[in-house]
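Data first, discussion second: the structure below is written as structure tokens.
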Amino acid sequence: MTAQIIKGKEVAQEIRTALKEEVSGLKENGLVPGLAVIIVGENPASLSYVRAKHKACGEIGIYSEIIEKDASITEEDLLSEIDALNENPDIHGILVQLPLPKHINEKAVINKISALKDVDGFHPVNVGNMLIGDDCYLPCTPDGIIELIKRSGEDISGKHAVVVGRSNIVGKPVAMLLLQENATVTVAHSRTKNMREITKQADILVAAVGKPNLIGAEDIKPGAIVIDVGVNRLESGKLAGDVDFESVKEVASYITPVPGGVGPMTITMLLRNTVEAAKKISK
Ligand code: NAP
């Protein structure tokens with residue numbers, strides 16, 4: 001069997017085209033969705049993510065601001081900056097690019113963002129609402145993963161989903177969303193024993209680890225849907241996922257590539273959350 005490739009880039013483009021139309025309609029009614037992205041310090045990867053978000057906003061008509069702060073900013077000053085954005089009526093979504101310098105408490109920063117403007121879905125109020133299935137902003141990467149699986153046309157309900165990785169931004173929330181879609185969910189992590197025995201049971205396998213080619217064909221149940229979240233820069237400069245794409249695509253039924261799979265969906269879900277935030281706040 002050769003798997004069908006889930007083309008995240010194309011799905012993301014479809015959603016962005018629809019969002020662009022929606023934003024244009026909102027603008028006709030005087031509402032311009034606005035996103036503020038705060039970046040602290042000069043981490044090159046963070047800078048490139050922030051610029052990509054800014055560009056994506058521009059392409060669909062969302063107003064966006066990048067607020068660059070020196071790495072020496074105090075936590076207090078950063079919190080005041082967030083307070084001002086919480087009060088700013090032109091800004092509907094606020095995002096602080098992580099990681100932050102060590103002297104700043106990330107939790108305090110996330111907690112400071114108004115839950116209504118937390119378009120990353122990291123605020124404990126949104127995380128709690130996600131857990132109980134209430135209205136909230138979903139974290140972008142997990143939301144994008146669910147969207148990709150659904151758009152493959154396959155039903156999630158009743159399937160055994162195995163998530164490898166349990167971070168707060170990917171592994172745990174995607175496990176929770178799969179559960180809400182009525183999958184039976186197993187979460188594996190660095191202390192899991194006999195991981196292959198577990199991954200081989202997966203009808204849906206989500207790999208969110210950060211180790212290039214950790215998952216090979218021998219770890220996969222034939223016909224599984226394989227979602228590769230990993231983004232790993234190899235010494236050659238090339239990007240690789242957590243899944244050995246070439247061998248796994250011969251066993252799986254669907255597979256996401258890296259790049260061009262989950263990655264483009266993350267920013268797209270951020271755009272969608274920002275549009276939703278504008279609508280909610282202006283009500
Ligand atoms: P993270 O916070 O480092 O978490 C990695 C998880 O993998 C941890 O739960 C860890 O277990 C687990 N793990 C480590 N080694 C393992 C092993 N040998 N077997 C099984 N589990 C293992 O990473 P993250 O933020 O979730 O990101 C994961 C990957 O996704 C990274 O490559 C990241 O770049 C990528 N990512 C991509 C996007 C996107 O938009 N495409 C977005 C976010 C992240 P413990 O908890 O036991 O330590």
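- In K27, the NZ atom is crowded: over 12 heavy atoms of neighbouring residues, nucleotides or ligands sit closer than 6.0 Å.
- Contact check for I113 versus V96: side-chain heavy atoms found under the 4.5 Å cut-off.
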Which is it for I15 and E147 under the side-chain contact (heavy atoms from CB on, under 4.5 Å) test, yes or no, and what are the steps along the way? CA-CA 10 Å; I15 298 173; E147 190 79 43; 3.9 Å; yes
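- The local environment of NZ in K7 is sparse, with at most 12 non-hydrogen atoms from other residues, nucleotides or ligands closer than 6.0 Å.
- Listed for the T256 side chain is a donor-acceptor partner under 3.5 Å among the backbone atoms of D228.
- Taking 4.0 Å as the cut-off between side-chain N and carboxylate O, R196 and D219 count as a salt-bridged pair.
- E81 has a carboxylate O that lies under 4.0 Å from a charged side-chain N of K69, or vice versa, which qualifies the two as a salt bridge.
- Atom-to-atom distance recorded for N111:CG and D118:CG is 9.5 Å, nearest 0.5 angstrom.
- R272 and E22 are not joined by a salt bridge, as no carboxylate oxygen comes within less than 4.0 angstrom of a charged side-chain nitrogen.
- Among all heavy-atom pairs drawn from I220 and A224, the shortest one is CG2-CB, 4.0 Å.
- Not one N or O on the side chain of N29 forms a donor-acceptor pair closer than 3.5 Å with the backbone of L31.
- The heavy-atom pair separating A115 from N126 by the smallest distance is O-ND2, 3.1 Å.
- You'll find the side chain of E21 stays beyond 4.5 Å of the side chain of I60, heavy atoms only.
- The pair E181-K159 fails the salt-bridge criterion, with no side-chain N (NZ, NE, NH1 or NH2) lying under 4.0 Å from an Asp/Glu carboxylate O.
- Contact detail for G8 and L148: the closest heavy-atom pair is CA-CD2, 3.8 Å.
- Rounding to the nearest 0.5 Å places CG of L35 at 8.0 Å from CG of L271.
- Across every non-hydrogen atom of V248 and A217, the tightest pair is CG2-N, 3.6 Å.
- Using modelled atom types, one finds a donor on one side chain and an acceptor on the other under 3.5 Å when comparing H54 with S64.
- Judged purely by atom type and a 3.5 angstrom limit, S24 has no side-chain atom pairing as donor or acceptor with the backbone of K20.
- Between E106 and P99, some side-chain heavy-atom pair lies under the 4.5 Å cut-off.
- Clustering ILVMFWY residues whenever any of their side-chain heavy atoms sit less than 4.5 angstrom apart, transitively, puts I5 in a cluster other than the one holding V262.
- A donor and an acceptor atom, one from each side chain of S72 and D70, are located under 3.5 Å apart.
- Between C140 and I267 there is no side-chain heavy-atom pair separated by less than 4.5 Å.
- K9 places no side-chain N or O within 3.5 Å of a backbone atom of G261 that could act as its donor or acceptor partner.
- Note: T266 OG1 to I145 CD1 = 7.0 Å, rounded to the nearest 0.5 Å.
- Side-chain contact between L98 and F122: present, with at least one pair of heavy atoms (C-beta onward) separated by less than 4.5 Å.
- Between the side chain of T192 and the main chain of M195, no donor-acceptor pair closer than 3.5 Å is present.
- A cation-pi contact, defined as under 6.0 Å to the ring centre and within 45° of the axis, links K280 to Y137.
- With contacts defined as side-chain heavy-atom distances shorter than 4.5 Å, the pair V187/K172 does not qualify.
- Counting heavy atoms from C-beta on, the side chains of I62 and V275 come closer than 4.5 Å.
- Judged by distance alone, with hydrogens and angles left aside, the side-chain atoms of S46 form no donor-acceptor pair with the main-chain N or O of E42 at under 3.5 Å.
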Assess the residue pair V119 and E276 against the criterion (side-chain contact (heavy atoms from CB on, under 4.5 Å)); give the C-alpha distance rounded to whole Å, side-chain angles, the decisive distance to 0.1 Å, and a yes or no. CA-CA 9 Å; V119 285; E276 286 311 307; over 6 Å; no
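- Using a cutoff of 4.0 Å between basic side-chain nitrogens and carboxylate oxygens, K221 and D203 are scored as salt-bridged.
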Apply side-chain contact (heavy atoms from CB on, under 4.5 Å) to residues D143 and T141 and explain how you reach the verdict. CA-CA 5 Å; D143 193 15; T141 302; over 6 Å; no
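- Q180 places a side-chain N or O within 3.5 Å of a backbone atom of M130 that can act as its donor or acceptor partner.
- Under the 3.5 Å distance criterion, with hydrogens and angles disregarded, a donor-acceptor pair is assigned to the side chains of H160 and T186.
- Considering all non-hydrogen atoms of both residues, S114 and N86 come closest at N-OD1, 3.0 Å.
- Side-chain contact, T2 with E250: a donor N or O sits under 3.5 Å from an acceptor N or O.
- Both L178 and I6 are members of a single hydrophobic cluster when ILVMFWY side chains are connected at heavy-atom separations under 4.5 Å.
- I67 and V32 fall within the same hydrophobic cluster, defined by Ile, Leu, Val, Met, Phe, Trp and Tyr side-chain heavy atoms under 4.5 Å apart, directly or through other members.
- Note: the hydrophobic cluster containing V251 also contains V164 (ILVMFWY, side chain heavy atoms under 4.5 Å, direct or indirect links).
- In this structure the side chain of V40 reaches within 4.5 angstrom of the side chain of P101, judged on heavy atoms.
- Atom CG in N194 sits 7.0 Å away from atom CD1 in I198 (nearest 0.5 Å).
- For the 3.5 Å distance criterion, the side chains of D242 and N213 fail to qualify, holding no donor opposite an acceptor.
- Here E246 pairs with K249 in a salt bridge; the nearest charged N to carboxylate O distance falls below 4.0 Å.
- Panel note: side chain N273, backbone L138; a donor-acceptor pair is recorded below 3.5 Å.
- Remark: the S247 side chain and the D244 side chain contain an N/O donor-acceptor pair separated by less than 3.5 Å.
- Separating the OG1 atom in T199 from the CD atom in E218 is a distance of 9.0 Å, to the nearest 0.5 Å.
- Pairing each heavy atom of V162 with each of A202, the nearest pair is CG2-CB, 3.5 Å.
- The number of heavy-atom neighbours closer than 6.0 Å to NZ of K279, taken from other residues, nucleotides and ligands shown, is above 12.
- Taken to the nearest 0.5 Å, the CG atom of L100 stands 9.0 Å off from the CD1 atom of I38.
- Transitive grouping of hydrophobic side chains (ILVMFWY, heavy atoms separated by less than 4.5 Å) brings Y63 and L270 into a common cluster.
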Residue pair L78, I104: steps toward the side-chain contact (heavy atoms from CB on, under 4.5 Å) verdict: CA-CA 9 Å; L78 184 57; I104 297 176; 4.0 Å; yes
